[in-house]
Amino acid sequence: MAATVSLSFSLDPQHHHLFSNTTHFKPHQTPLLPFSPPTSTLFPKYPLAIFHKSHPAAFKSSSSPSHSSTTTTTTASDTTATDTATTTSTSTTSSSFLEYPLRTGRFLSSEELEQLKLLENFRYYQELESGSMWVRVMRPEEMDITVGLLSESFAESMLLPSGYVSVLGYLVKQYLLERMELSPHTATLIGFYRRRKEEGEKLQEKNTEDEEEVDEVEFLAGTVEVCFDKKGANASPPTPTPPKNSPYISNMAVKKSLRRRGIGWHLLKASEELISQMSSSREAYLHCRMIDTAPFNMYKKAGYDIVKTDNILVMLLLQRRKHLMCKKLPVLTSFSESDTFCSEEELTS
């Protein structure tokens, strides 16, 4: 599933606008930047995540058991130091979620602070046929790898040369920075995928001889953006225009090598579950391009119905026609296993 984003200068993606409220280019003009961000800008090394040498978006699981046989003795001072470190770590995480909303200088109400805490603690976990995945809100230190995934997916959907990825990365990052300032009224979710050991061994036999500890490596598998109310809505939303005060799902992208595993389906389900916790509205909206058969089938299977379709005249603006789709979410926030599991391969068959 390629990125569902678009630029306001007539580049059209699968079915969602990404820069409609931040990029102001005139139609039919291609933006030219005076520089192209280096590759290291998109994929920096993080102190909290160890990248696997053959996968730039792979993480060593922080919950993996230690193989060291060294025995340690815990003293009262050690316990105190550990508690202090844990408290510091929690405070650091909380402050990272507050950093961008506070940059605007706006006052955060007690309700907004509670919502930020909810976003910070949100987790969605699901076992898949080929492995497992979990979804949570993107942290500031994970922005660059998310930018890389979105840029590559967008370039793929637009059939753009690989040289455009760095330029798109610059624009995508500016967009995400501005969206983070609107938190908790909007959030970017990221999904991580862990392969089963059996699948990793099969891949090793084929063409991944250099991989080590395959069962302990987590990959950034996909991302999706969720808007909860009109305060987080785009100033210039794509057509057909969804209600600004209703939750809106957009910018979904799944890593190309990890498609057909049900990851896109569970990114959608995680978005719905978060909406149920963050918004009193029971209607969720999204866009889907008319030419995108696989995503359309997935949305229909998930319970989304077409509300309105673009007029054919939008093609004069070099844009693809899109469906505006809506689903009435259940009151309960929990979903049955039969409702939450569906592979993308099944949807495209």
Side-chain angles (χ1 to χ4, degrees), residues 1-7 13-14 16-19 21-23 37-52 55-60 62 93 96-97 99-101 119-120 122-124 133-158 162 164-184 186-194 217-227 232 234 248-259 263-264 266-268 270-271 274:
M1 184 181 298
T4 55
V5 295
S6 69
L7 300 179
Q14 285 206 348
H16 294 306
H17 284 217
L18 177 61
F19 308 105
N21 68 327
T22 57
T23 308
T39 305
S40 59
T41 303
L42 297 181
F43 301 98
K45 296 181 179 178
Y46 303 102
L48 300 180
I50 305 175
F51 290 101
H52 193 273
H55 295 276
F59 297 89
K60 291 289 185 179
S62 58
T93 304
S96 67
F97 275 82
E99 177 185 355
Y100 287 90
L119 290 177
E120 180 182 349
F122 176 75
R123 297 292 186 277
Y124 174 96
M133 72 170 292
W134 54 286
V135 182
R136 60 170 168 76
V137 177
M138 180 190 72
R139 297 168 181 167
E141 63 268 21
E142 296 161 336
M143 180 178 295
D144 287 329
I145 55 171
T146 307
V147 167
L149 175 60
L150 277 171
S151 302
E152 291 174 2
S153 298
F154 181 60
E156 177 192 352
S157 67
M158 290 301 303
S162 58
Y164 277 82
V165 172
S166 59
V167 178
L168 292 173
Y170 175 82
L171 298 174
V172 172
K173 186 167 185 176
Q174 299 308 307
Y175 171 82
L176 290 182
L177 287 170
E178 293 191 10
R179 298 301 288 169
M180 288 189 71
E181 293 176 353
L182 298 178
S183 184
T186 183
T188 298
L189 301 180
I190 54 177
F192 295 92
Y193 172 76
R194 174 182 285 186
V217 179
E218 294 171 353
F219 301 91
L220 177 65
T223 180
V224 62
E225 181 183 327
V226 186
C227 169
N234 281 316
Y248 178 66
I249 301 171
S250 61
N251 299 335
M252 182 183 292
V254 175
K255 190 174 180 63
K256 189 175 182 179
S257 61
L258 297 176
R259 294 172 190 169
I263 292 173
H266 289 293
L267 284 172
L268 182 63
S271 301
L274 183 58

Donor-acceptor check, side chain of [X] to backbone of [Y], threshold 3.5 angstrom: yes or no?
| X | Y | result |
| --- | --- | --- |
| S151 | G148 | no |
| R139 | E120 | no |
| R259 | V254 | yes |

Within this structure, what is the [atom1]-[atom2] distance for the pair [X] and [Y], rounded to the nearest 0.5 Å?
| X | Y | atom1 | atom2 | answer |
| --- | --- | --- | --- | --- |
| L150 | L176 | CG | CG | 6.0 Å |
| L168 | F154 | CG | CZ | 5.5 Å |
| L268 | M252 | CG | CE | 5.0 Å |
| D144 | K173 | CG | NZ | 3.5 Å |

Least distance between heavy atoms, [X] atom then [Y] atom:
| X | Y | result |
| --- | --- | --- |
| A155 | V165 | CB-CG2, 4.0 Å |
| L149 | G222 | CD2-CA, 3.6 Å |
| S250 | V224 | O-CG2, 3.5 Å |
| A270 | F122 | O-CZ, 3.5 Å |

Do [X] and [Y] have side chains that get closer than 4.5 Å, going by heavy atoms?
| X | Y | value |
| --- | --- | --- |
| L189 | V137 | yes |
| Y100 | P140 | yes |
| R179 | C227 | yes |

Check: Does a salt bridge link E218 with R136, judged by any charged N lying under 4.0 Å from a carboxylate O?
Finding: no
Next item on the list: Run through L220, I145, T146, L119 and flag the one making a side-chain contact (heavy atoms from CB on, under 4.5 Å) with M138.
Entry: T146
Next item on the list: Evaluate the side chain to side chain contact (heavy atoms under 4.5 Å, CB included) criterion for residues Y175 and N251: first the C-alpha distance (whole Å), next the side-chain angles of each, then the deciding distance (0.1 Å), finally the verdict.
Entry: CA-CA 12 Å; Y175 171 82; N251 299 335; 3.6 Å; yes
Item checked: side chain to side chain contact (heavy atoms under 4.5 Å, CB included) assessment of F219 paired with L258 -> CA-CA 9 Å; F219 301 91; L258 297 176; 4.0 Å; yes
Notebook entry, point to check: Could you go step by step and tell me if L267 and V135 meet the side chain to side chain contact (heavy atoms under 4.5 Å, CB included) rule?
Noted result: CA-CA 7 Å; L267 284 172; V135 182; 4.2 Å; yes
Notebook entry, point to check: Going through the distances and angles, do M143 and V172 end up as a side chain to side chain contact (heavy atoms under 4.5 Å, CB included)?
Noted result: CA-CA 10 Å; M143 180 178 295; V172 172; over 6 Å; no
